[in-house]
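Single-structure report; data block below.
Not measured: the values here are computed from a predicted model.
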Amino acid sequence: MNKICTEQKSRDYLFDNYKALLIFLVVLGHFAEAGKGNEILHCLKWLIFSFHMPAFIFISGYFSKKKTSFIQLVRKLAVPYLVFEVLYYLLYIFILHKETRLYLLYPKFTLWYLMALFVWKLATPLVMKIPFHLIFAVAAGLWVGSSGLDDNFLSIPRILAFYPFFLLGVHTKREQVAKLREKLPQKAAAAILAVIGAGLSVIAVKKILVPQVFYGRFDYHYLQEGVLEGILIRAACYGISLAITVLLLALLPAGRTRFCLLGERTMAVYLFHGLICVCVKAGWHQLPPMNTVLEAALLIGISAALTYVLSRKCFTDVLNKITRIGQS
C-alpha cells in the first residue's frame with residue numbers, strides 16, 4: 001500500500017491530464033480525415049495538428065531529463081518499433097491485401113514517433129553539451145524543409161523539425177511550469193487560446209494554407225512554397241505550436257482527475273489505434289459524405305470511445321510484454 005501511495009504522489013497529474021487530452025486528439029485527428037467534406041472536422045483537424053505532436057514531444061522531453069541507457073532505449077522503443085512494423089506488414093499483406101514490404105528504415109504511419117524518440121533520447125545528452133544547441137536545433141528544423149530529403153527515410157525531416165520542442169521540454173523545470181500557472185491567469189490564457197483558434201479556423205476555412213504545414217514531414221517544394229516563404233511559414237508554425245502548448249499548461253487541471261489513468265497509458269493507445277485507423281482508412285471511400293454537425297459529433301464520440309477502449313489494462317499489458325522481449 002505504501003508503495004502505491006508513493007507512486008501516486010510522485011506522479012505529476014497536470015501532465016497526466018495533458019497527455020490524456022493529447023492522445024484523444026491524436027486519435028480524433030487521424031479519424032477526422034474521414035470527414036473530408038465536413039467543415040467542422042476540417043477546422044478540428046487544423047486545430048489539432050497545429051499543436052498536438054509538438055505538445056506531446058515537449059512533454060516527452062520534459063520527462064527525459066535523466067539519461068536513458070542504450071539497452072533501455074532498445075527495449076522501450078526499438079523493440080516495439082520492430083514488432084509493430086511487422087504487425088503493419090502482416091496487416092497490409094494478409095488482411096488489407098495491399099502491396100508493401102518490410103521497410104524498417106521507412107516507418108509506417110504512427111511509428112515515426114518511436115524512431116524519433118529513440119534518436120532524441122540517444123542524441124540529447126551529447127547535443128546538450130553544444131553551446132546554443134537550441135538555436136542550432138531550430139535552424140536545422142527550418143533548413144530540413146529545403147533539403148530535399150526523402151520525407152519518410154528514417155523520419156529525418158520530422159526528427160529535425162520537431163526536435164526543438166523536445167529540447168524545450170528537457171530544459172523546462174517544474175518550478176517554471178508552476179510559475180507560469182501562477183502568473184498567467186486562466187481567463188487570459190483562455191482568451192489568447194480562443195483568438196489563436198479563431199485565426200487558425202479562418203485559415204482552414206479560407207484554405208489559405210494546408211494543415212500539412214504542421215506535419216514536419218513535407219518539404220517546402222511539396223507544399224508549393226519557396227524556400228524563404230517555407231522558412232517563414234514553418235517559423236510561424238513553431239510560434240503557434242509553442243504558444244498553444246504553453247497556454248494549455250496554464251489551463252489544464254493540476255489535480256488528479258478521472259482522465260489521469262488515460263494519461264498514464266498513452267503509448268498503448270497511440271500504437272494500437274494506428275492499426276485500427278489503417279483498416280478504417282482502407283474503407284473510407286465506401287463511407288457516405290459527412291456533412292452535418294451530427295455526423296461530426298458522432299465521429300468525435302467514436303474517437304473518444306476508441307481512446308477509452310485502447311487505454312484498458314489489457315492493451316497496456318501487451319505493450320509491457322513486448323518491451324520485456326529478450327529481458328532476462
Using atom types as modelled and distance alone, determine if a side-chain donor or acceptor of Trp120 lies under 3.5 Å from a backbone N or O of Ile159. yes
Any donor and acceptor pair, going by atom type alone, linking the side chain of Glu85 with main-chain N or O of Lys108 inside 3.5 Å? yes
Taking C-beta and beyond as the side chain, do Leu200 and Ile196 meet within less than 4.5 Å on heavy atoms? yes
Main chain of Gly226, side chain of Glu229: is a donor-acceptor contact present, judged purely on distance under 3.5 Å? yes
Greater than 12 external heavy atoms within 6.0 Å of Phe218's CZ: yes
Following the transitive rule for hydrophobic clusters with a side-chain heavy-atom cut-off under 4.5 Å over Ile, Leu, Val, Met, Phe, Trp and Tyr, establish whether Ile208 and Val210 coincide in one cluster. yes
Main chain of Leu252, side chain of Arg181: is a donor-acceptor contact present, judged purely on distance under 3.5 Å? yes
Search all heavy atoms of Val205 against all heavy atoms of Cys43 and return the closest pair with its distance. CG2-SG, 3.6 Å
Only one of Val246, Leu242, Thr172 passes side-chain contact (heavy atoms from CB on, under 4.5 Å) with Phe58; say which it is. Thr172
With a 4.5 Å heavy-atom cut-off, do Leu154 and Tyr106 have their side chains touching? no
Using a 3.5 Å distance criterion without hydrogens, assess whether the side chain of Ser241 forms a donor-acceptor pair with backbone atoms of Ser50. yes
Under 4.5 Å between any side-chain heavy atoms of Leu149 and Asp219, yes or no? no
Quick check: are there more than 12 heavy atoms from other residues, nucleotides or ligands sitting under 6.0 Å from CZ of Phe63? yes
Side-chain heavy-atom pair Pro253, Leu14 within 4.5 angstrom cut-off: no
Is the Trp112 to Phe162 ring centre distance short of 6.0 Å? yes
Verify whether the ring centers belonging to Tyr103 and Tyr89 lie closer than 6.0 Å. no
Is there a path of hydrophobic side-chain contacts, each under 4.5 Å between heavy atoms of I/L/V/M/F/W/Y residues, joining Tyr222 to Val227? yes
As a quick check of understanding, evaluate ring pair (Phe, Tyr, Trp, His ring centres under 6.0 Å) for Phe15 and Tyr62, giving each step before the final call. CA-CA 10 Å; Phe15 286 97; Tyr62 181 85; 4.3 Å; yes
Is it the case that the ring center of Phe214 lies less than 6.0 angstrom away from the ring center of Phe51? no
Donor-acceptor contact below 3.5 Å, side chain His30 vs main chain Val27: no
Determine whether Leu142 and Tyr238 make a side-chain contact, defined as any pair of heavy atoms from C-beta on separated by less than 4.5 Å. yes
Carefully, step by step, assess Ile156 and Val119 under the rule side chain to side chain contact (heavy atoms under 4.5 Å, CB included). CA-CA 10 Å; Ile156 293 173; Val119 173; over 6 Å; no
Do side-chain atoms of Ser311 reach the backbone of Tyr308 as a donor and acceptor pair under 3.5 angstrom? yes
Minimum-distance pair of heavy atoms, taken over all atoms of His42 and Ala204: NE2-O, 3.2 Å
Within 6.0 Å of NZ in Lys65, more than 12 heavy atoms from elsewhere: yes
As an exercise, state the distance from OG of Ser303 to CD1 of Ile23, rounded to the nearest 0.5 Å. 11.5 Å
Joint cluster assignment, Leu298 & Leu28, ILVMFWY side-chain distance < 4.5 Å: no
For Leu25 and Leu21, what are the C-alpha separation, side-chain angles and deciding distance, and is it a side chain to side chain contact (heavy atoms under 4.5 Å, CB included)? CA-CA 6 Å; Leu25 294 179; Leu21 170 65; 4.1 Å; yes
Just wondering, do Phe166 and Leu117 contact through their side chains at under 4.5 Å, heavy atoms? yes
Applying the 4.5 Å side-chain criterion to the ILVMFWY set and letting contacts propagate, would Tyr215 and Val144 be lumped into a single cluster? yes
Taking all atoms of both residues into account, what is the closest heavy-atom pair of Ala189 and Leu184, and its distance? CB-CD2, 3.9 Å
Indicate yes or no for a side-chain donor-acceptor contact from Ser69 to the backbone of Gln72 under 3.5 Å, with no hydrogens or angles considered. yes
For a side chain to side chain contact (heavy atoms under 4.5 Å, CB included) check, start with the C-alpha distance between Thr307 and His273, then their side-chain angles and the critical distance, and finish with the verdict. CA-CA 8 Å; Thr307 304; His273 97 277; over 6 Å; no
Taking the side chain as every heavy atom from C-beta outward, state whether Thr245 and Tyr18 have any atom pair closer than 4.5 Å. yes
Of the non-hydrogen atoms in Cys279 and Leu91, which two are nearest, and what is the gap between them? SG-CD1, 3.5 Å
Are Leu105 and Leu77 connected, step by step, through hydrophobic side chains (Ile, Leu, Val, Met, Phe, Trp, Tyr) whose heavy atoms are closer than 4.5 Å? yes
NE2 of His171: more than 12 outside heavy atoms within 6.0 angstrom? yes
Okay, side chain of Thr124, backbone of Val127: is any donor-acceptor separation there less than 3.5 Å? no
Could you walk me through whether Thr266 and Lys19 pass the side-chain hydrogen bond (donor to acceptor under 3.5 Å, both in side chains) check? CA-CA 7 Å; Thr266 54; Lys19 289 191 292 181; 4.9 Å; no
Over all atoms of both residues, closest heavy-atom pair of Glu264 and Arg256: OE2-NH1, 4.4 Å
In terms of heavy-atom contacts, does NZ of Lys76 have more than 12 from other residues, nucleotides or ligands at under 6.0 Å? no
What's the shortest heavy-atom distance between Cys260 and Tyr13, and which atoms? SG-CD2, 3.7 Å
From Phe84, Phe56, Phe109, Tyr113, residue fulfilling ring pair (Phe, Tyr, Trp, His ring centres under 6.0 Å) relative to Tyr270: Tyr113
Would you call the rings of His52 and Phe49 parallel, tilted or perpendicular, taking 30° and 60° as the class edges? perpendicular
Are the side chains of Val318 and Phe272 in touch, meaning some heavy atoms are under 4.5 Å apart? yes
